[in-house]
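A quick write-up on the structure given underneath.
In what follows, every chain begins at residue 1, and chains take the letters A, B, ... in the order their sequences are listed. Excluded from the calculations below are hydrogen atoms, water molecules and symmetry mates; all remaining heavy atoms, backbone and side chain alike, are included.
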Amino acid sequence: MNQRATIAGLALAAAVSGAWGGPEDHAPPAVAPVLRDTFEVGAIGQRIESASEGDVIRLEPGVYRERVRIGKRVTIDGGGRAVIDGGGTGDIVEITAAGAVLRGVTIRNTGTDLDRENAGLRVLAGGVTVEGVVLEDVLFGIDLREAPGCVVRGCRIGGKALDIARRGDGLRLWRSDGALIEGTTIHDGRDAILWYSKGVVIRGNRSDDCRYGFHLMFSDDVLIEGNTLTGNSVGAYLMYSTGVVIRGNRFIRNRGPSGYGIGLKETDRFEVTDNLIVGNRSGVYIDGSPFTGAAPGVFTRNTIAYNDVGVTFLPSAKGNEMTLNNFIGNIEQVSVSGRGGLTANRFWVGEVGNFWSDYTGYDRDGDGVGDFVHESSTFFENLMDRHPRLRLFMFSPAQQAVEFVARAVPAVRPEPKFEDEVPRMRPVAIGLVERAEGSSAWRMAGVSGLMLAGGVLVLAWSMGGAGRPRGGEA
Amino acid sequence: MISIRGVSKSFGRFLAVDGVNLEIPEGESVALWGLNGAGKTTLIRCVLGLVRYRGAITVAGWDARRHGKRARMHVGYVPQELGFYDELGVARAVLFFASLKGVSVRSVDDTLGAVGLEGHGGKRVRELSGGMKQRLALAIAMLGDPPVLVLDEVTASLDACGRREFVALLSGLSGTGRTLLFASHRVEEVRALAGRVVMMERGRAVSEVPAAGFTGAAAVAPGGSVVGAVGAVGAVGGGGSGAVLHLMMPLGVRLHAAAQLRAGGFEATLNGVGLLVPVHRERKAEPFQILAEARIRVEDFEVLPTAGEEAR
Amino acid sequence: MSTLTGSRWAGMAEPGRGSRRPPGFAGNVVTVARREARDAVTSRWFVLYTAAFAGLGLAVSFVSAAGSGGTGLSGYGRTTAGLVNLVLLVVPLMALTAGASSVASDRERGMLPYLLAQPVSRGEVLLGKYFGLALALAASMCLGLGVCAAVLAWKGHVTRPASLAWLLGLSTALALGMLSVGMLISVVARRASVAVGTAVFAWLVLVFVSDLGLMAGAITLRLRIEELFMLSLINPLQVFKMWSLYAADASLDVLGPAGLYATEELGRTLHAVFAGCLAAWAVVPMLAAAVVMSRRSPL
């Protein structure tokens, strides 16, 4: 734990220095939150003032231009048609009463002050339920500060159309243990981030076009399940956290500058199972995980397909076990970034291996396991690992020529990167796939029809016409 | 109609055409006479603007180089051999060139019929015989009824029969006010088609003679320059029982060949493309035998009737 | 058939001697293009290449679909990336050889002087041949890719239709550039066999040699990333490849540091950069070909 504390300290130091470059600099606020805005009391505020603990306040549909502080354990229900508009400055709603409920309102239009962390909804007490709340055009969306046991359910959080560096976090948990984040959609924000929050359940959410879909900092025993993370820079980025389970999520097309489906940095005791990881720049990125090596990093039944790199290992990644995963059509199935091998990680355990779409062997005895070892050793991959700039020549015939020659000349054949002694012949069944709709097959047929028509038109033009005189008969 | 002034053309160091001057008024028919390599074809290519040259050429007033397209608009051209898109249909070929010339063809069959190719429109060009190809080329040349016709050794690759037919076809064109410029080394053709003959040797136009009674016979001085045209060969042949062989061969062997023939008892006159040899009807083959024994190759020949024969 | 009279000639064609205006530039270009296109589409290479394009395209698509093990993930797949690779091999070869044999074989068979003896300019002939062959190539790719797409749609291997359209468009652009180079070779070469041989050599250089050289250079000379990217823009095949990837993903990050550099430095202007490069390959060799053609004897 000593080491861990050092890292936290370093992170804090980085925050003080004000740098904001990579995830390492992703600093917690150095001071505890203080509410600076004084709220004038508006229509909603008056109703809260006159309400008793436990009352349900139903808001009339309409736009309320006010700032709201919920200081009593009341339920505020906007019925889905009440809008609270912050007029483009400061925070909008703040909950300071434990057990309060906010439901069915739209909160919109915060300020853009990143230093003051203008938020649509700030929760400063535990046991608060936020349900069916829509946040639009907010710098920070929902900000839970030292608010344990809260529930955020069925919300929709949309960030401001700002440059990524000027955005706030769609969802932030600061020392808020035991929260449940469920059925919530976050789009165009910076991160949904957990700081020092234990035992959080993140289930069935969506995150589109954010920086980090879910970002865990020093947050232990978190369950991330059934979420869909699409088009973010990184799907889920776990840092310095222990006991995380990532199960049954979809990580699709997360292709930012880092661009991982799942990033694991010095994370310990984690399980990554049953996920669909497709079309990311790197499906999984493993840096210094598992951190202590007390338990192996478990990767099972994931489908890692059509990423630029299936799984990227930094040399510091040791003690991971990959079994029953489907590695399908990744440009590079497994990559080692920098020097070093993969010997400290296992791609088969006992009789259980993975499915590799590039496996070239066969299964004569019909036991579903390939008769030969799957060993990955392509010359060009090896070359690209050492000289990343050569990626420029991918998809070119020259690359294939190099590969071909290297295969024919064993002398230049690189050492196998890794081996799977029991490669599966067929993939493990995949859930979570959104099947292409039937209409797109029709659209494709339409395109093919157009192409054929174009070709035929040229044929007709060149063949016909001039063969016959315009006036008379040939 | 065609004006050629001081035209020269060299390929590397070889001077193919050397300062030729030639004026052809509208309606006149001019033959370029000379053996292969004399510069006839090159001069024609200059007129068509196919090669770059020094000097000036105009066709119907248009400069052949600067306004090549306009100049060629007035010209129908028949090459020695139709180098052609073999897979193209005959009718399609006609329409293709009509389109290039901006001529709309009312009936391809009539166009082909005019050269005796009616019913061949559906064939491919490669299916035509040599003579038919030349007739197709003539039909294409005549598209749009151009005022100038340029023919380059059009019968050279035809057999005797095809040659006769083609010349007959062409002779129908003379006297219609059309200007004709053609290259030939055959006396028959020149007599049939030309009004005037320009004799070419080594790229130069060495002399001009009227085509009437033309044999091309010329007395050549030892230096090689032409000193004057000799009269009709009929006089040489003498009597009505003979003919004149026109034997064509390269310049370098002609004097040697003439000496051999004289040694064998024949008269031999130089005529710019070869030798004119009067022979008795029964002894027509003998000169060939003599030349074969002397290992002199005859490139081509024709048998010209003497004046007496023609009269009969 | 014995003799002909002038009136018979005059009767079969119009106009007579009065008005003599040569057909315009465009008219002659279209005429030549049409004949050239017809010649091309009825030729063996057209059928062969079209069939090869469709067949190999299908093979590539099905191999990549088979690789996914029937997981239904083909929609995310890289069918188009496989096709890009195919285009890189086939289209330049097709366009280079088609262009190379055009003028050279005409000259060799003696057709060129006959054609140029007609009231056409050399520019018209050259441009007409270019457009005719370009149309034939485009038709070949339309048919090949169309058949490929039809079978894929029928079998349920769906690719984004837009990416297919991009692929077709970019392939055509690549073909225009390569055809232009082929035409230049054709005009310069003395014999058709030499022209085609040169075209195949040029193909080898563009497909393999230049990339391999650049790879070696990248490692041994320690080229900077921006230098590497700029150098790669010289090769039209690389441009085509990068453009295809960029059109599909709006990013070249797949291509590592150099791709990332290009995406970040140039952003949306990459489309213009790539278009400019391919346009230069289409225009410059043709201009050179026009100059050579106007100076050289067609014999």
Do [X] and [Y] make a side-chain contact, defined as non-hydrogen atoms from C-beta onward lying under 4.5 Å apart?
X      : Y      : result
A:P397 : C:N85  : yes
A:R255 : C:V254 : yes
A:M451 : C:L164 : yes
A:W461 : C:V41  : no
C:I219 : A:R386 : no

Tell me, for [X] versus chain A, whether the close heavy atoms (under 4.5 Å) come from the side chain, the backbone, both or neither.
X      : answer
C:Q238 : side chain
C:L260 : side chain
C:V147 : both
C:Y261 : neither
C:V30  : both
C:A218 : both
C:S244 : neither

Between [X] and chain C, with a heavy-atom cut-off of 4.5 Å, which part of the residue counts as in contact: side chain, backbone, both or neither?
X      : value
A:L390 : side chain
A:R389 : both
A:V309 : neither

What option among C:L252, C:I225, C:L237, C:L214 has the most heavy-atom pairs under 4.5 Å with chain A?
C:L214
Under a 4.5 Å cutoff for heavy-atom pairs, which residue among C:L135, C:L89, C:T50 has the most contacts with chain A?
C:L135
Non-hydrogen atoms of [X] and [Y] that approach each other most closely:
X      : Y      : answer
A:A445 : C:A153 : N-CB, 3.8 Å
C:A149 : A:S448 : CB-CB, 3.4 Å
C:D211 : A:A398 : CB-CB, 3.3 Å

Roughly how far apart are A:L392 CG and C:M242 CE, rounded to 0.5 Å?
6.0 Å
Distance col, row A:S462:OG vs C:F46:CZ, nearest 0.5 angstrom, shows 7.5 Å
Assert top hit (heavy-atom pairs under 4.5 Å, partner chain C, pool A:Q400, A:R281, A:Q399) equals A:R281
Which is it for A:V456 and C:L143 under the side chain to side chain contact (heavy atoms under 4.5 Å, CB included) test, yes or no, and what are the steps along the way?
CA-CA 8 Å; A:V456 168; C:L143 293 174; 4.2 Å; yes
Test side chain to side chain contact (heavy atoms under 4.5 Å, CB included) on C:L228 and A:F393; report intermediate values, then the result.
CA-CA 10 Å; C:L228 188 63; A:F393 299 97; 4.2 Å; yes
